[in-house]
Each structure stands twice: as C-alpha cells, then as structure tokens.
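One structure is given below, encoded as structure tokens.
Please read all numbers here as calculations on a predicted model, not as lab measurements.
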Amino acid sequence: NVSGGSDATQYYMGSDFEREEGVYSVNWLQKANVRANVNAQVRPNLQLSLNGGYTGSRLRLPQNDNDVLGAISGSLIGKAFDCHTAAQTAAGLPPNDVSCGTDTLSRGYRNPNYPATRIFAIDTRQNVERLIGSAQANWQPKSWLSVIGVGGMDLLERYDQETLPQGAVTLFNPEGYRQVNRAEIR
C-alpha cells in the first residue's frame, strides 16, 4: 500500500494477492485486488474525489453438497470402513464385509469401484472479474448552500464452467459433458 500527498491532494493505492489451497487438490482460489483513491481540494469551495478498484478471482471446486459424486456427501452415505485393503487384494482375500460385494476401489465412499480420484476429474471452475469506479464533487458556493454530485459504475463478469471428460465417471454420464454459464452485470 502507498499513500501520501499534501494539504491540497491526497492519494492511496493498494493491492493484495490471495492464494488458497483446499484439502483436495481440486479445491483452490487465486484472487487479486487493486484499489486507488485520489482526493483533491481544487479550489477553496470545490473538492473532487476519484475512486477505482479491480478484483479478479479464479476458483476451482470439488463436487460436493447435494451430489452423490461429492467427496463429503459420498463419504457420509458410504460405508464407515474400507471395503478392501491393498493387503487383502494382494492376498486374494474377500472384502471386509458381505455388503461390500466386489468393491475393491471405493475406499469407503458411496459409489462402489469408483476411486475418489476419478470423481475429481469433474472440473468445476468460476472466474470473476469486477471493476468499480466512482467520482464525487463537493461544491459549496455559499456558506449555506452545498451541491454534491456523485457518479459511479460497477461492472461484473462471472464465468462458470464444469467439464466431465468422456469416460471419467461412467455411472451417470459415460459420454461426458460441458456446461458453461456467463453473467455480465452492469
């Protein structure tokens, strides 16, 4: 952050960058912000202010919430144990429980024979760009009269996309899919 100026003019500029990683490799966020403000006493009875800001973010999310392919929901409605350990598989032993059937991959998740890493192939992302700007003028021609003018803009663009590669999750969509939603708010 940088700020300074004189009695007549003041300025402020700041920025930050945020990078987060979730517990799953497919859960992360990158966000950058930039902001600038300038205030000026143009004349004894006129003050001007200009403000601007930009935010850009990139977000990747795992499947979750009300989704049987979600990491958390799949574990909550799955079995409370690993149906088949690597040692059991190597020794040719049957699963730990009769309810497991032939499941050797789910590791306790709901969907038999679907490792969690396969479900992480579903690529869900959101990109957001936001630009905000404003200007304000305060004019006081008489001691008893003040005129204030304010104008601004707020531009927002959001881009949501989800891709399931063909053959990644054959339970529901063996052919795969791609969904895209774009919103521009002005």
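- The structure places CZ of Arg60 at 13.5 Å from CG of Leu29, a figure rounded to the nearest 0.5 Å.
- Phe17 approaches Ala32 most closely through the heavy-atom pair CD1-CB, 4.1 Å.
- Counting only residues at least two apart or on different chains, the side chain to side chain donor-acceptor pair (under 3.5 Å) pairs with a member in residues 35-45 are Asn39-Ser49.
- Closest of all the heavy-atom pairs between Gly14 and Asn1 is CA-OD1, 3.2 Å.
- Looking only at side-chain heavy atoms (C-beta outward), Asp160 and Val180 stay at 4.5 Å or farther from each other.
- Neither side chain, Glu129 nor Tyr159, offers a donor N or O lying under 3.5 Å from an acceptor on the other.
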**Prompt:** Taking it one step at a time, do Asn138 and Leu46 satisfy side chain to side chain contact (heavy atoms under 4.5 Å, CB included)?
**Reply:** CA-CA 6 Å; Asn138 297 329; Leu46 180 61; over 6 Å; no
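- For residues 6-19, every residue pair satisfying the salt bridge (charged side-chain N to carboxylate O under 4.0 Å, His left out) rule, not counting sequence neighbours, is listed here: Glu18-Lys31, Arg19-Glu21.
- To the nearest 0.5 angstrom, Gln126 atom CD is 10.5 Å from Arg58 atom CZ.
- With Thr163 as the fixed residue, the side chain to side chain donor-acceptor pair (under 3.5 Å) test singles out one of Arg125, Arg178, Gln179: Arg178.
- In this structure, CD in Gln161 is found 6.5 Å from CG in Asn127, a value given to the nearest 0.5 Å.
- Atom CD of Gln140 is separated from atom CD of Gln47 by 11.0 Å, given to the nearest 0.5 angstrom.
- You'll find the side chain of Tyr177 reaches within 4.5 Å of the side chain of Ile122, heavy atoms only.
- The neighbour count for Trp139 CH2, taken as heavy atoms of other residues, nucleotides or ligands under 6.0 Å away, does not exceed 12.
- For the pair Pro165 and Ala121, the tightest heavy-atom approach, listed with the atom from each and the gap, is CD-O, 3.4 Å.
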Show me, pair by pair, the donor-acceptor contacts under 3.5 angstrom made by side chains of residues 144-156, not counting sequence neighbours?
from	atom 1	to	atom 2	distance (Å)
Asp154	OD1	Arg130	NE	2.9
Asp154	OD1	Arg130	NH2	3.4
Asp154	OD2	Arg130	NH2	2.5

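- Across every non-hydrogen atom of Leu50 and Ala135, the tightest pair is CD2-CB, 3.6 Å.
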